Amino acid sequence: MTDAQEWPTRDLHRAAVTGGAGFVGQNLIRTLLADGLSVRSVDNRPAPPIPGVEAITADLQDPAAARDALADVDVVFHLAGNPSGTVSVQDPLFDFASNATVGINVLEAVRHHVGTRLLYLSSAMVYGRPETSPCEESDRCRPFYPYGASKLSVEHWLNSYVATYNIDASSARAFVVYGPGEDPRRAGAEVGQFLRWQLNGMRIQVVGDPETKVRDFVHVDDLSRGLLVAARAGRPGLVYNVGSGTRHSLRELIALIEAATGTTADVTVDRTDLTDSYALVADITRLRELGYEAQVPLADGIKQLADELGPAPAPPQLATVLTAEGR
Ligand SMILES: NC(=O)c1ccc[n+]([C@@H]2O[C@H](COP(=O)([O-])OP(=O)(O)OC[C@H]3O[C@@H](n4cnc5c(N)ncnc54)[C@H](O)[C@@H]3O)[C@@H](O)[C@H]2O)c1
C-alpha cells in the first residue's frame with residue numbers, strides 16, 4: 001500500500017467552488033450536486049444560475065472578501081484564476097494577480113477557517129517540457145510560461161501551509177480539459193478550438209508540429225470526478241495528476257474530429273514556433289489508487305461536444321501565443 005492510499009476518506013457535505021462561473025467550475029458544480037453536496041459558487045463575475053446553488057460575487061484578490069466568501073463549508077475547490085498561457089504571456093502581471101495573489105488569499109482563508117479541506121486546481125503546465133512521458137507527479141517541474149510559474153507557486157505555497165499551519169490541502173494538476181461550456185473568447189485548448197473551426201467549415205490552424213505535439217485530453221466530467229475523488233481521499237500536501245491517461249497527437253485529434261463530423265479537414269501547419277511541440281501526458285496511477293478512472297474516450301467526447309455545439313458555433317477567438325515575439 002502506498003502513501004497515497006492510506007489517507008481516510010473525508011465526509012464532505014458543503015462545498016465552495018471558486019471560479020464557479022467558469023468552464024470547469026460550472027461542470028464541477030453539476031458533478032457535486034449530483035453527488036449530493038450543497039454548493040456555493042464564488043466568482044468575480046455573475047455565474048449563470050444553477051438551481052440550488054448559492055452564488056456569491058466576490059473578487060478573491062481581496063483577502064477579506066476571500067475569507068468571507070469561503071466561510072462555513074467543508075471543502076473549497078479552488079479554480080478561480082486566469083486559465084490561459086497565452087494571456088499570461090501577454091500580461092504576466094494580470095496572471096500573477098489572478099493566480100498567485102488569489103491563491104494565497106484562498107490559503108489564508110482556509111487557514112482561518114480551521115478544518116476546511118482545500119483542493120487546488122493546478123495545471124500540467126507546471127511540468128514545462130517533460131523529460132519523460134507520461135509525467136509522474138514527482139517529475140521535475142520547469143514551467144516556461146508565466147502561467148505555469150504562477151500555478152506552481154501556489155502549489156508550493158499550499159505545501160508550505162500544510163507543513164506550517166497543518167491545513168488540510170492538496171493540489172490537482174489538470175491536463176488539457178475539453179467539454180461543454182467553454183467560452184470561445186477565453187479558451188485556446190485544441191479540442192474546442194479545432195472542432196469549432198471544423199464545424200464552421202474553416203481551416204484548422206495548427207501551431208507547432210502536429211505529430212510531436214502530443215497531449216492528454218481529458219473530458220471535463222472526468223476532471224470533475226477526479227477532483228471530487230482527490231478532495232475526499234487525497235493526502236494533504238500531495239499533488240494528483242488528473243488526465244485521461246491516454247495520448248493523442250494533434251494529427252490524431254484532427255482525424256477524430258473528421259470522424260465525428262463526417263467532414264474532411266482543411267489544415268494549415270505553422271512549424272515556425274515549436275515551443276510547445278512535445279508530449280504532455282498524465283501518469284494517473286496516484287489518483288487511480290484513490291478510485292479514479294477516466295470514463296470518456298476522446299472519440300466519444302468529441303462526438304458529444306460536436307452535437308452540443310451544432311453546425312455553426314461561435315468560432316475560436318483566442319490565438320495561440322507561445323512567446324511575446326514569436327520565434
Ligand atoms: N481549461 C483547462 O484546460 C485547464 C487546464 C488546467 C488547469 N485549469 C485550471 O482550471 C481553473 C479553471 O479554468 P477554466 O478553464 O474553468 O477557466 P475560466 O476562465 O472559464 O474560469 C475561471 C473563473 O475564475 C474567475 N476568476 C478569475 N479571477 C477571479 C478573482 N480575482 N476572483 C474571483 N473569481 C475570479 C473568472 O471570472 C472565471 O469565471 C483555472 O485555475 C485553470 O488554471 C484549466
Side-chain angles (χ1 to χ4, degrees), residues 16-31 40-48 55-70 76-88 91 93-106 109 118-127 135 143 145-155 158 171-193 215-224 226-227 239-244 280 282 301 318 320:
V17 177
T18 75
F23 162 49
V24 177
Q26 289 274 296
N27 283 283
L28 174 63
I29 287 170
R30 291 199 172 82
T31 297
R40 179 187 307 153
S41 164
V42 181
D43 207 293
N44 62 357
R45 59 184 176 135
I56 292 184
T57 305
D59 185 352
L60 298 169
Q61 287 187 38
D62 173 356
R67 189 188 283 196
D68 290 349
L70 302 178
V76 172
F77 292 88
H78 174 43
L79 279 51
N82 163 46
S84 165
T86 291
V87 169
S88 81
D91 192 347
L93 289 182
F94 169 76
D95 179 72
F96 184 88
S98 307
N99 289 341
T101 305
V102 165
I104 196 151
N105 287 346
V106 168
L118 171 65
L119 200 274
Y120 161 57
L121 183 51
S122 183
S123 163
M125 289 304 298
V126 303
Y127 289 112
C135 300
Y145 279 138
Y147 169 73
S150 65
K151 297 298 286 186
L152 184 59
S153 73
V154 177
E155 288 188 21
L158 181 148
S171 301
R173 291 181 185 149
F175 280 64
V176 184
V177 190
Y178 73 97
E182 246 185 321
D183 183 340
R185 290 166 304 178
R186 303 159 70 90
E190 285 87 1
V191 176
Q193 195 184 40
R215 293 292 184 264
D216 183 323
F217 299 108
V218 59
H219 194 277
V220 70
D221 286 348
D222 282 331
L223 171 63
S224 299
L227 295 181
V239 58
Y240 296 86
N241 283 340
V242 193
S244 65
L280 185 65
L318 195 66
T320 303

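We count residues from 1, following the sequence as given. From a predicted model like this one, the values you see are computed outputs, not experimental measurements. Values below: all heavy atoms of this structure, side chains included; hydrogens, waters and symmetry mates excluded. Whatever order the structure lists them in is the order used to number ligands and atoms, beginning at 1.
Of the N or O atoms in R45, one or more lie within a sub-3.5 Å distance of an N or O in ligand 1. Geometrically, ligand 1 and A174 share no nitrogen or oxygen pair separated by less than 3.5 Å. The shortest N or O to N or O distance between D59 and ligand 1 is under 3.5 Å. Every N/O-N/O distance between V42 and ligand 1 stays at or above 3.5 Å. Below 3.5 Å of separation, one finds an N or O of K151 facing an N or O of ligand 1. For L79, a nitrogen or oxygen atom sits less than 3.5 Å from a nitrogen or oxygen atom of ligand 1, counting backbone and side chain alike. Checking only distances, V177 does come within under 3.5 Å of ligand 1, N or O to N or O. Here's the thing with G19: none of its N/O atoms is less than 3.5 angstrom from an N/O atom of ligand 1. When only interatomic distances are considered, the shortest N/O to N/O separation between V176 and ligand 1 does not fall below 3.5 Å.
Ligand 1 lies less than 4.0 angstrom from a heavy atom belonging to A58. Heavy atoms of Y147 approach ligand 1 to within less than 4.0 angstrom. Under the 4.0 angstrom criterion for non-hydrogen atoms, S98 is not in contact with ligand 1. Contact between S122 and ligand 1 is present, with at least one heavy atom of the residue lying under 4.0 Å from the ligand.
Side chain of D59 to main chain of A65: no donor-acceptor pair is present (N/O by atom type, distance under 3.5 Å, no hydrogens or angles). Side chain of Y120 to main chain of K151: a donor-acceptor pair is present (N/O by atom type, distance under 3.5 Å, no hydrogens or angles). Judged purely by atom type and a 3.5 angstrom limit, T57 has no side-chain atom pairing as donor or acceptor with the backbone of N44. Side chain of N27 to main chain of F23: a donor-acceptor pair is present (N/O by atom type, distance under 3.5 Å, no hydrogens or angles). D216 contributes no side-chain N or O that, together with a main-chain N or O of F175, makes up a donor-acceptor pair within less than 3.5 Å.
Contact of the Y240 side chain with the R173 side chain is not registered, since no non-hydrogen atoms from C-beta on lie closer than 4.5 Å. You'll find the side chain of L121 reaches within 4.5 Å of the side chain of L223, heavy atoms only. Contact annotation: the side chain of I29 approaches that of S41 to within less than 4.5 Å [non-hydrogen atoms, C-beta and beyond]. Residues H219 and P180 form a side-chain contact, since some pair of their non-hydrogen atoms from C-beta on lies under 4.5 Å apart.
A distance of 5.5 Å separates OG of S98 from CG of N82, quoted to the nearest 0.5 Å. Taking CG from N105 and NE2 from H78, the interatomic distance works out to 9.0 Å, rounded to the nearest 0.5 Å. Atom CZ of F94 and atom OG1 of T101 lie 11.0 Å apart (nearest 0.5 Å). The line from OG1 of T31 to CG of L227 is 9.0 Å long, rounded to the nearest 0.5 Å.
Given atom 13 (O) of ligand 1, the protein heavy atom at minimum distance is P83 CB, 3.6 Å. Here the protein heavy atom with the shortest distance to atom 38 (C) of ligand 1 is R186 NH2, 3.3 Å. Among protein heavy atoms, atom 29 (C) of ligand 1 sits closest to N44 ND2, 3.3 Å. For atom 39 (O) of ligand 1, the nearest non-hydrogen atom of the protein is D43 OD2, 2.7 Å. The protein heavy-atom contact nearest to atom 16 (O) of ligand 1 is V24 N, 2.8 Å.
If you number the atoms of ligand 1 from 1 as listed, the ones under 4.0 Å from a heavy atom of V102 come out as 31 (N). In summary, the atoms of ligand 1 found under 4.0 Å from a heavy atom of L60, numbered by their order in the structure, are 30 (C), 31 (N), 32 (N), 33 (C). Numbered from 1 in the order shown, with element, the atoms of ligand 1 that lie under 4.0 Å from a heavy atom of F175 read 5 (C), 6 (C). For ligand 1, the atoms closer than 4.0 angstrom to any heavy atom of A21 are 39 (O). Ligand 1 places these atoms under 4.0 Å from at least one heavy atom of A80: 24 (O), 26 (N), 34 (N), 35 (C). In summary, the atoms of ligand 1 found under 4.0 Å from a heavy atom of S123, numbered by their order in the structure, are 6 (C), 7 (C). Counting atoms of ligand 1 from 1 in the listed order, those under 4.0 Å from a heavy atom of L121 are 9 (C), 10 (O), 11 (C), 41 (O).
Of the listed residues (L118, V106, I56), just one forms a side chain to side chain contact (heavy atoms under 4.5 Å, CB included) with L70, and that residue is V106.
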Intermediate values then yes/no, side chain to side chain donor-acceptor pair (under 3.5 Å), E155 and S171: CA-CA 6 Å; E155 288 188 21; S171 301; 5.0 Å; no
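Closest heavy-atom approach to atom 24 (O) of ligand 1 within the set S88, G22, G81: this belongs to G81. Remark: among candidates F23, F77, Y178, F94, the nearest residue to atom 20 (O) of ligand 1 is F23, based on non-hydrogen atoms.
The two residues A80 and L60 have their closest heavy-atom pair at CB-CD1, 3.9 Å.
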